[in-house]
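Right, one structure below, let's go through it.
Lettering of chains follows the sequences in order, A, B, ..., and the numbering in each one begins at 1. What you see is a predicted model; the values in this text were computed from it and never measured.
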Number of protein chains: 2
Amino acid sequence: MNTDCGHIQEHEETVERAKSNMASNFKIERMCRSFKAISEPSRLRIILALMEGEMCVYHIVEACGGTQSNISHQLRVLKDNNIIKSRRDGQNVLYSISDEHVSRIIDISREHLDC
Amino acid sequence: MNTDCGHIQEHEETVERAKSNMASNFKIERMCRSFKAISEPSRLRIILALMEGEMCVYHIVEACGGTQSNISHQLRVLKDNNIIKSRRDGQNVLYSISDEHVSRIIDISREHLDC
DNA sequence: TTAATATATTAATATCTATTCATATGTTCA
DNA sequence: TGAACATATGAATAGATATTAATATATTAA
């Protein structure tokens with residue numbers, strides 16, 4: 001491998017910009033964890049469901065299918081990554097999308113893939 | 001588990017909307033694959049680098065670090081998921097972000113996580 | 001306080017994924 | 001044509017992740 005790709009000048013400049021704008025490892029990993037959280041079908045279903053409104057676990061199970069245990073695991077992952085938030089209401093725990101960035105990202109993706 | 005969460009009416013309505021707006025399994029999996037593609041540090045680094053401009057493989061390696069082989073594997077994953085595109089130019093292959101949706105999603109995420 | 005209900009956690013396993021090393025393919029130029 | 005270079009691929013393995021079943025915790029109401 002050498003640099004003689006016939007675009008040395010532009011590419012070297014791009015490399016420099018890329019290096020100086022590159023997020024830190026810490027931030028890269030943080031972003032990745034967020035994207036990974038929404039990268040599994042059962043979790044994405046939960047997000048899409050919650051984009052329709054706040055729900056308790058029982059109703060999330062009803063809307064998304066799957067077992068209570070599995071949904072609960074996925075809710076945990078989503079919450080740990082600040083994708084969703086929860087509040088207790090008596091015996092129930094109500095979940096909702098934690099902030100608008102999430103919905104925007106999902107909407108762009110749906111638009112992009114025509115979903 | 002039963003439905004008696006004290007929010008039966010609203011939740012049932014939300015469940016109905018969620019079910020009727022829920023993307024098909026096929027589309028859910030397609031979205032998930034896209035998100036998964038951008039969910040690994042080395043791949044996200046490549047995307048961030050290419051957001052600065054088109055580059056050949058050698059320069060991507062220079063910008064992102066890692067081995068040529070690994071970068072090449074990751075480029076493949078990104079390309080298979082239409083995150084990036086490539087064109088051959090002589091001995092080199094030049095990669096770039098495949099469309100603006102990708103950059104928008106990454107930008108929102110950076111803004112969200114303050115990266 | 002006990003029973004009933006809703007949700008969360010733990011541990012086990014099966015599956016998936018990233019990374020590495022070795023090698024193959026494709027391109028240019030002598 | 002063959003040598004040199006740029007990129008891609010295949011196979012192996014180590015590590016991560018999803019799913020399940022069983023059980024624990026938390027809340028309410030009797």
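Of the nucleotides present, D:dT28 is the one that pairs with C:dA3 by Watson-Crick or G-U wobble criteria, both distances under 3.5 Å.
The side chain of A:Q74 has D:dT19 as its nearest neighbour among D:dA8, C:dT7, D:dT19. Of all nucleotides listed (C:dT20, C:dT9, D:dT19), D:dT19 comes nearest to the side chain of A:N70.
Atom pair A:R43:CZ and D:dT19:C1' shows a separation of 12 Å (rounding to whole Å applied). Taking atom NE2 of residue B:H59 and atom C1' of nucleotide D:dT7, one finds them 15 Å apart after rounding to whole Å. The distance from atom OH of B:Y58 to atom C1' of D:dA4 is 16 Å, rounded to the nearest whole Å. For the pair A:I71 CD1 and C:dT9 P, the computed distance is 15 Å after rounding to whole Å. In this structure, the CG atom of B:D89 is 18 Å from the P atom of C:dG26, given to the nearest Å.
Nucleotides of DNA chain D nearest to A:T67 and A:K36 differ in position, and the one nearer the 5' end is that of A:K36. Between A:Y95 and B:H73, it is A:Y95 whose nearest contact on DNA chain C lies nearer the 5' terminus. Residue A:S69 is the one, among A:S69 and A:E40, whose nearest nucleotide of DNA chain C lies closer to the 5' end (criterion: closest heavy atom).
Between B:F35 and A:F35, the ring-plane angle classifies as parallel under the 30° and 60° cut-offs.
The main-chain N or O of A:E54 is never found under 3.5 Å from a side-chain atom of A:S96 such that the two would form a donor-acceptor pair. Put simply, the side chain of A:R45 never gets that close to the backbone of B:N25: no donor and acceptor are under 3.5 Å apart.
In terms of phosphate contacts, B:S42 brings no side-chain nitrogen or oxygen within less than 4.0 Å of OP1 or OP2 of C:dA18. At the phosphate of D:dT7, OP1 or OP2 sits under 4.0 Å from a side-chain N or O atom of B:N92. OP1 and OP2 of D:dA26 both lie 4.0 Å or more from every side-chain N or O belonging to A:R88. For B:R76 and D:dT7, the shortest distance from a side-chain N or O to OP1 or OP2 is not below 4.0 Å. Look at B:Q91 and you won't find any side-chain N or O under 4.0 angstrom from OP1 or OP2 of D:dA4.
The nearest pair of heavy atoms linking B:R110 to A:N21 is NH2-O, 3.1 Å. Considering every non-hydrogen atom in both A:V61 and A:I71, the closest pair reads CG2-CG1, 3.8 Å.
Judged by atom type and distance alone, A:Q68 does not reach the base of C:dA6 through any side-chain donor-acceptor pair under 3.5 Å.
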